[in-house]
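Worksheet: one structure, shown below.
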Protein chains: 2
Amino acid sequence: MCDLKLRLYILGRLPFFSGLPDSKIRDINALFSERGYAMGEIIYFEKSPAKRLYAVADGHVKLMRHTVSGKDVMLNVLNQGEFFGSLTHAQDDNYSETAHAHTPVCTLSIEGNDFRQILSRHPPVAIKVMDIMAHRLREAHEMVRLLSVSSIEQRLAHVLLKLGDKLGEADDVGLLIQLPLGRSDLAELTGTTTETASRVMSQLQKEGLIQTGRRWVAITNKPGLAALTEI
Amino acid sequence: MCDLKLRLYILGRLPFFSGLPDSKIRDINALFSERGYAMGEIIYFEKSPAKRLYAVADGHVKLMRHTVSGKDVMLNVLNQGEFFGSLTHAQDDNYSETAHAHTPVCTLSIEGNDFRQILSRHPPVAIKVMDIMAHRLREAHEMVRLLSVSSIEQRLAHVLLKLGDKLGEADDVGLLIQLPLGRSDLAELTGTTTETASRVMSQLQKEGLIQTGRRWVAITNKPGLAALTEI
DNA sequence: CGCGATATTGACCTGAGTCAATATACGTGG
DNA sequence: CCACGTATATTGACTCAGGTCAATATCGCG
């Protein structure tokens, strides 16, 4: 599924390895193994023992938390080049979320202990990892604030803008989000129901801020959407 | 406010320095400067340039996010020995939250660059920091899930249990949370209003799960509270 | 003891959840 | 290439948790 060229490309672009010499990356490459997943397949389950660190070589991975009542929450959608899974490997740790192949996915993954060794040997790598975690922590805190104080319309606007920045490509209809994104996905991302997500999306479309259809969304008025998020 | 003995004690117990030899900690100590804050004083503002890493030497610090509408969100309450502020110091970064002295507070703080140097020289320290960040990220994700799917009663139960674990001391009335905690604090922690927080707290008290009064809370039936959080 | 900050309580209102019926896009196979 | 069937999306009517506004009660400090 991924050939050697893609592997080296992906690994070299992983934010924490960027800056390492090619030869090092080749060494590190040997520690990674690759695997493909069909759409909808589960990469790992919440609460199973956290053993590996993954990188998305191709496709999109969503990180979910489940509840017994069946209302799932999507914490993040990851794009090519992003990583997930066990960064920390404090032995007996378990994954705190479920990783789901949202599209067909190819991953590269490394044993937690091996990754720790890399960290010990390359302090700049460790610092990069910290920076990324700090960034993710900020995003999570931002989401906490949003969920605490804003309306669903505001949350949706925020999520769409984030996704637009991350996965948007200019298109004749607007900034098209390159990810199949249904109403239920939007609901899981904003802590609401598919019905409410649908209503609000229709509203946003009526206001000319977005264009949307079956499992796709495009942003047509970014400043307008951004204005909604000002709480 | 903090004498040398306390400083060394606090620094030595900071999770990321634990394990370093005493002599090293003395060196590191020289890089830290101390400062006291009156109750309610602000340690740093959200969006101001993030220059320093802080540790709580004494008192309690709350990390807040503000909104223009005035509805604030409390992201965390920090106890003696916990750290906050700029871990990452990617130069032009700004603080993503406001740090508030919830009680009289004494902090030890270090210049971001100096901390980075320590990280580079001591890989195990960097790995410890990563572990802590991973833990905080989990907590934030857990809060996202709670805010997305649970009732206010469930969120309150969860927050109280967390605080009980972190700051609880056995007492004749129950597990007393060692932190002045008013209804508005609880509201900011759970994304609701003081009125609703008040109603739910009364309810929990009526059910015999907690005891509460003016700015204090004790848990009297921990399993009972825990049962509420199962979503 | 009296005052101000904190907490409670009530009445009312609204955003969003729920349940249910209907409409529409898209992939598939004939 | 079209028609069908299914997954997805929309829309409506109703309900309710929790927000809002406002009045009252209470704690604990000076």
Side-chain angles (χ1 to χ4, degrees), chain A residues 38-40 67 69-74 102-104 146-160 173 176-177 179-207 210-218 228 231, chain B residues 39-40 67 69-74 102-104 146-160 173 177 179-207 210-218 228 231:
Chain A
M39 187 198 297
T67 54
S69 63
K71 269 200 86 168
D72 294 345
V73 178
M74 198 190 304
H102 186 238
T103 59
L146 273 173
L147 289 166
S148 297
V149 303
S150 10
S151 67
I152 306 248
E153 186 181 53
Q154 292 173 317
R155 288 184 225 166
L156 260 176
H158 177 91
V159 165
L160 291 176
V173 65
L176 182 65
I177 293 170
L179 176 79
L181 203 61
R183 296 295 178 262
S184 61
D185 297 316
L186 291 168
E188 287 168 351
L189 279 165
T190 51
T192 183
T193 58
T194 56
E195 294 94 328
T196 299
S198 178
R199 282 185 241 269
V200 175
M201 291 296 279
S202 301
Q203 183 59 27
L204 292 178
Q205 178 154 234
K206 207 176 293 170
E207 290 165 5
I210 60 171
Q211 284 273 96
T212 179
R214 185 160 289 223
R215 277 155 81 67
W216 65 270
V217 187
L228 285 182
I231 22 181
Chain B
M39 187 198 297
T67 54
S69 62
K71 271 199 84 166
D72 294 346
V73 179
M74 198 189 304
H102 187 239
T103 59
L146 274 173
L147 289 166
S148 296
V149 303
S150 8
S151 68
I152 305 242
E153 185 180 54
Q154 291 173 317
R155 289 183 224 165
L156 259 175
H158 178 90
V159 164
L160 291 176
V173 64
I177 293 171
L179 176 79
L181 203 60
R183 297 295 178 263
S184 61
D185 296 316
L186 292 168
E188 287 168 351
L189 279 165
T190 51
T192 183
T193 58
T194 54
E195 293 95 328
T196 299
S198 178
R199 281 184 241 268
V200 175
M201 291 294 282
S202 302
Q203 183 59 27
L204 293 178
Q205 179 155 234
K206 208 176 292 170
E207 289 165 5
I210 60 171
Q211 284 274 96
T212 178
R214 186 160 290 224
R215 276 155 82 66
W216 65 270
V217 187
L228 286 182
I231 24 181

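Below, all heavy atoms of this structure are taken into account, side chains as well, without hydrogens, waters or symmetry copies. Letters A, B, ... are given to chains in the order of the sequence lines, protein chains preceding strands, and every chain is numbered from 1.
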Which distance, rounded to the nearest 0.5 Å, do you find between the CZ of B:Arg155 and the CG of B:Leu147? 5.0 Å
Counting only side-chain heavy atoms from C-beta out, which of C:dA16, C:dT8, D:dG19 sits nearest to B:Arg183? C:dT8
Would the distance check show the side chain of B:Gln205 and the main-chain N or O of B:Thr212 forming a donor-acceptor pair, the cut-off being under 3.5 Å? yes
Please confirm whether the shortest side-chain N or O distance from A:Ser151 to OP1 or OP2 of C:dG15 is below 4.0 Å. no
Looking at the base of C:dA25, is there any donor atom on it, or on the side chain of A:Arg215, that sits under 3.5 Å from an acceptor on the other one? no
Angle between the two end axes of the helix from C:dC1-D:dG30 to C:dG30-D:dC1, five base pairs per end, rounded to 10 degrees? 40°
Do the side chain of B:Glu207 and the main chain of B:Leu204 share a donor and acceptor less than 3.5 angstrom apart? no
Can you tell me if A:Arg183 and A:Thr196 form a side-chain donor-acceptor pair at under 3.5 Å? no
Would A:Thr192 and A:Thr190 count as having a side-chain donor-acceptor pair, cut-off 3.5 Å? no
5'-most contact on DNA chain C: A:Trp216 or B:Trp216, nearest heavy atom basis? B:Trp216
Would you say B:Thr193 reaches D:dT20's phosphate, i.e. side-chain N/O to OP1/OP2 under 4.0 Å? no
Interatomic distance, B:Arg155 CZ vs D:dA17 P [rounded to whole Å]: 14 Å
Within residues 194-206 of chain B: residues closer than 4.0 Å to DNA chain C (heavy atoms): B:Glu195, B:Ser198, B:Arg199, B:Ser202
Roughly how many Å is it from CG in B:Leu181 to P in C:dT6, rounded to a whole number? 13 Å
Give the rounded distance in Å between these two atoms: CD1 of B:Ile210 and P of C:dA7. 12 Å
Return the value, rounded to whole Å, for the distance between atom CZ of A:Arg214 and atom P of C:dA25. 7 Å
Between C:dA25, D:dG19, D:dT26, which nucleotide gets closest to the side-chain atoms of B:Ile152? D:dG19
Atom-pair distance (CD on A:Glu188; C1' on D:dT8), nearest Å: 14 Å
Roughly, in whole Å, what's the span from CG in B:Leu186 to C1' in D:dG19? 17 Å
